[in-house]
Number of protein chains: 2
Amino acid sequence: MGLKTVKTIADIARLTGVSKSTVSRALNDSPLISEETKERIRAVAKEHNFQINVSASRLSLQQSRTIAFAVHAQKNCGGFSLNDLFLLELLGAISSTLSTLHYDLLVANINPHDPAWPHEYLDTGRVDGFILLTSTRKKFHIGTLVKMKAPFIVWGTPLPNYSYCSVNSDNFNGGRLATEHLLQKGRRRIAFMGGPADEGETEQRYAGYVAALKEAGQEVAPTLVRYGDWTSDSGMERMQQLLEASPDLDAVFANSDLMAAGAMNVLHARGRRVPQDVAVVGYDDLSIARVNSPPLTTISQNLPLVGKLLAQNLIQYVETGVVTNVTIPAHLIVRESA
Amino acid sequence: MGLKTVKTIADIARLTGVSKSTVSRALNDSPLISEETKERIRAVAKEHNFQINVSASRLSLQQSRTIAFAVHAQKNCGGFSLNDLFLLELLGAISSTLSTLHYDLLVANINPHDPAWPHEYLDTGRVDGFILLTSTRKKFHIGTLVKMKAPFIVWGTPLPNYSYCSVNSDNFNGGRLATEHLLQKGRRRIAFMGGPADEGETEQRYAGYVAALKEAGQEVAPTLVRYGDWTSDSGMERMQQLLEASPDLDAVFANSDLMAAGAMNVLHARGRRVPQDVAVVGYDDLSIARVNSPPLTTISQNLPLVGKLLAQNLIQYVETGVVTNVTIPAHLIVRESA
DNA sequence: ATGGTTTGTGCAACCGGTTGCAATCCTCGA
DNA sequence: TCGAGGATTGCAACCGGTTGCACAAACCAT
């Protein structure tokens, strides 16, 4: 006990009276080695609680068994991207899935304006692939990654004309579910508070919103539609604009929980009760949704599943080259805000 | 352009007409090499945008230049620890500080009940040290880490009788600032909603609460004190208990923003207005604090600074063995809830 | 001209696993 | 009794940097 003198497979080999190769094979459960020799070697290894040196192993194997989660710092002192909570919840699922698959998770702090960032991770052998959700300059990054044949997977609607792995949620249905729920609650002046207008997610949710309205025989009113950038600040601004443009609105479908929270803040400040006067539906089902006042009705994207798929499918691609594009269902979570 | 054929320092050596050693030294800016040779080698390296193989380098150097951020999955499907948001905000700062120092950040998903987890990261040469904020079984982990002489730093009040690096916030002052603010607002029935009663943070904040009340000539009422576990759920439960025990309370000092959010929820549900009827002060200044309704008055711990110090001081310890214990100031952020 | 420094570079071993190929031992059938 | 073929294991090269030490060239003073 104490300082270990047994550190390498050569030590184990000496103790067991076999060669390095045999130890290496035994620990990797190679069929070449007899069961009884394996047992003996494993026993000695356990006894000295031997841990393999991953640097050496990675060098030999020419792979890192490490995945990078790409994030980019924001202007405001070392923070994360605007996704914040969203990102964290995903990170948890990704992390545990990867560890199940014996991969490590690296947090890669990238500079979104430097197209060469993947080199620093890939060419150095640090990681075997990337997971990204970066909404900032998404197309740009995807383009460069495809060009340099880097293995990666992205959260979000896949871009046309590119082939790469992705995990996407059923945004059209999400938009429809939210809108249908509001209609069913008797709302007739339902505002759409979208994410950035040019992002696929926003477009699809808007399409779902429109479809639900049409089905209910309603018109789409331009004064009830505004686009923001997912943040609570933009939620506040858009809510003010919506109230000015349409003082009679009785519901809001916000494209993110953060925007919904901002919107509710403004509504409270203006003396509108939620949900009595204005019903609010969010999107994402972040952990804060339950904590809002009132608790937020929202569209759940099953983040644990998303994280798991991101990890699994990326690794599948790294190891076999299979490109997957999956779409996961959206669910309505009814709480008190609508 | 395209497939790189220049991958190793041996390739660079060949192209430059020197030996591997010279290339290695040149790229590491060794004083042994003449300035002009360095220039030539660097030029060739840039031209072929050569990237060093970190596995090989780490194997040779016997160090990983990687730090593990220890987190543990929760019962609920792949989630993170209860700190959630808190953790994320810290992570951003840690990540960018580490990358400045040329260290990588690994997310280590640990099993809080397995005392051997550090071996898997340390003895394998995966990482050079750990950062932990784990409140779950903190003493246990710290004990085992100290015992195995693992390099680590922890967020929180250092345990007595152990020597290790830590970054702590001025909880006493935080507790006092919060309480003084409420007193100054004319509140006289101020409840204390603490974290777990046996944690240093909670004790110190409580001491600050008591000190402020004493200075104001007030008594400490046991019916106004309850302890939870930092989560919003516990915030809701404790709030209910407090309202039952002391229906006349006019303020709550919650030890976390999450608890404060839960408390506000209950207050709204019971028809108490915040801040008119009951003022609420939180703790942490998470990004959600601004988004709450009403925006939460809280104690800020300057998380970016905390993250930076955690990273810097751990590396300093790893490289030089210097043990630091720093305390950072607490600030009151006044918003609308109190 | 000669011996002692610097200064700059190369050789080769080493970090700790992995793996193609050769070598050894057994078993079994003819 | 002898060789073919299968089961095990060892040898040695290799992955790609790093570094102690030897060595050669240039510089200096005597």
Side-chain angles (χ1 to χ4, degrees), chain A residues 4-42 44-45 48-66 102 119-120 122-128, chain B residues 4-42 44-45 48-66 102 119-120 122-128:
Chain A
K4 288 268 94 71
T5 53
V6 179
K7 297 272 72 179
T8 76
I9 56 170
D11 297 329
I12 303 281
R14 189 165 23 71
L15 290 171
T16 332
V18 298
S19 71
K20 273 173 60 179
S21 351
T22 303
V23 174
S24 173
R25 294 192 173 105
L27 295 178
N28 288 315
D29 199 26
S30 157
L32 288 179
I33 305 300
S34 73
E35 208 46 57
E36 96 186 71
T37 307
K38 282 186 195 170
E39 281 310 340
R40 196 153 45 93
I41 294 176
R42 286 198 200 109
V44 175
H48 297 268
N49 48 50
F50 167 79
Q51 295 281 348
I52 209 174
N53 180 312
V54 299
S55 295
S57 174
R58 288 170 178 173
L59 174 57
S60 230
L61 260 17
Q62 304 270 64
Q63 54 146 328
S64 63
R65 284 194 89 81
T66 300
H102 302 291
H119 288 302
E120 202 181 320
L122 223 45
D123 299 356
T124 56
R126 269 186 172 77
V127 308
D128 295 336
Chain B
K4 288 270 95 72
T5 53
V6 178
K7 298 271 73 176
T8 76
I9 57 170
D11 298 328
I12 303 281
R14 191 165 23 71
L15 291 171
T16 332
V18 297
S19 70
K20 274 173 59 179
S21 353
T22 303
V23 174
S24 173
R25 292 190 174 109
L27 295 178
N28 287 313
D29 200 26
S30 155
L32 288 178
I33 305 299
S34 73
E35 207 45 57
E36 99 188 68
T37 308
K38 281 186 195 170
E39 281 309 338
R40 197 155 44 93
I41 294 177
R42 286 198 200 111
V44 174
H48 296 268
N49 48 49
F50 166 78
Q51 296 281 351
I52 209 175
N53 179 311
V54 299
S55 295
S57 175
R58 289 170 177 173
L59 174 57
S60 232
L61 260 18
Q62 305 267 66
Q63 55 146 335
S64 62
R65 285 195 87 84
T66 300
H102 304 290
H119 287 301
E120 203 181 320
L122 223 45
D123 299 356
T124 57
R126 269 185 170 80
V127 308
D128 295 336

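Atoms considered below: every heavy atom in the structure, side chains included; atoms not considered: hydrogens, waters and symmetry mates. Naming convention: chains lettered A, B, ... in sequence-line order (proteins, then strands); numbering from 1 in each chain.
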Sugar-phosphate only, base, or nothing, as touched by Val23(A) at under 4.0 Å among non-hydrogen atoms: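 If one applies the 4.0 Å heavy-atom cut-off, Val23(A) turns out to touch nothing in the nucleic acid.
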Sugar-phosphate only, base, or nothing, as touched by Val18(A) at under 4.0 Å among non-hydrogen atoms: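 Sugar-phosphate: the residue Val18(A), judged by heavy atoms under 4.0 Å, touches backbone atoms but no base.
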dT9(C) OP1/OP2 closer than 4.0 Å to side-chain N/O of Thr37(B):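 For Thr37(B), the contact criterion (side-chain N or O under 4.0 Å from OP1 or OP2 of dT9(C)) is met.
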Any Ser19(B) side-chain nitrogen or oxygen under 4.0 Å from OP1 or OP2 of dG10(C):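 For dG10(C), OP1 or OP2 has a side-chain N or O of Ser19(B) closer than 4.0 Å.
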Provide, to the nearest angstrom, the distance between the [atom1] atom belonging to [X] and the [atom2] atom belonging to [N].
X        : N       : atom1 : atom2 : value
Arg58(A) : dT19(C) : CZ    : P     : 16 Å
Gln63(B) : dG17(D) : CD    : P     : 16 Å
Asp11(B) : dG17(D) : CG    : C1'   : 13 Å
Lys38(B) : dT9(C)  : NZ    : P     : 10 Å

Which residues share a salt bridge (charged side-chain N to carboxylate O under 4.0 Å, His left out) with Lys38(A), sequence neighbours left out: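 With neighbours one apart ignored, the set is Asp29(A), Glu35(A).
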Check: residues 21-28 of chain A side-chain donor-acceptor pairs under 3.5 Å, at least two apart:
unit_1, atom_1, unit_2, atom_2, d
Ser21(A), OG, Ser19(A), OG, 3.4
Thr22(A), OG1, Ser19(A), OG, 3.2
Asn28(A), ND2, Ser24(A), O, 3.0

Member of Val44(A), Asp11(A), Ile9(A) meeting the side-chain contact (heavy atoms from CB on, under 4.5 Å) criterion with Phe50(A):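 Output: one option passes, namely Ile9(A).
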pair Ile41(A)-Val18(A): side-chain heavy atoms closer than 4.5 Å: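 They are in side-chain contact.
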Side chains of Val54(B) and Arg58(A) in contact at under 4.5 Å (non-hydrogen atoms):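 Answer no - side chains too far apart.
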Five-pair end axes of the helix from dA1(C)-dT30(D) to dA30(C)-dT1(D), angle between them (10°):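 Comparing the axis at each end, I get an angle of 60°.
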Pairing residues for Arg126(B) by the side chain to side chain donor-acceptor pair (under 3.5 Å) criterion, not counting sequence neighbours: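 Expected list: Asp104(A), Thr124(B).
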Check nucleotides 14-16 of chain D against the protein and report each pair of N or O atoms closer than 3.5 Å, with its distance, or say if there are none.
unit_1, atom_1, unit_2, atom_2, d
dC15(D), O3', Gln62(A), OE1, 3.4
dC15(D), O3', Gln62(A), NE2, 3.4

Proximity to DNA chain C (any heavy atom under 4.0 Å), residues of residues 24-36 of chain A only: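 Those residues whose heavy atoms fall under 4.0 Å from DNA chain C, taken from residues 24-36 of chain A in numerical order, are Ser24(A), Arg25(A), Asn28(A).
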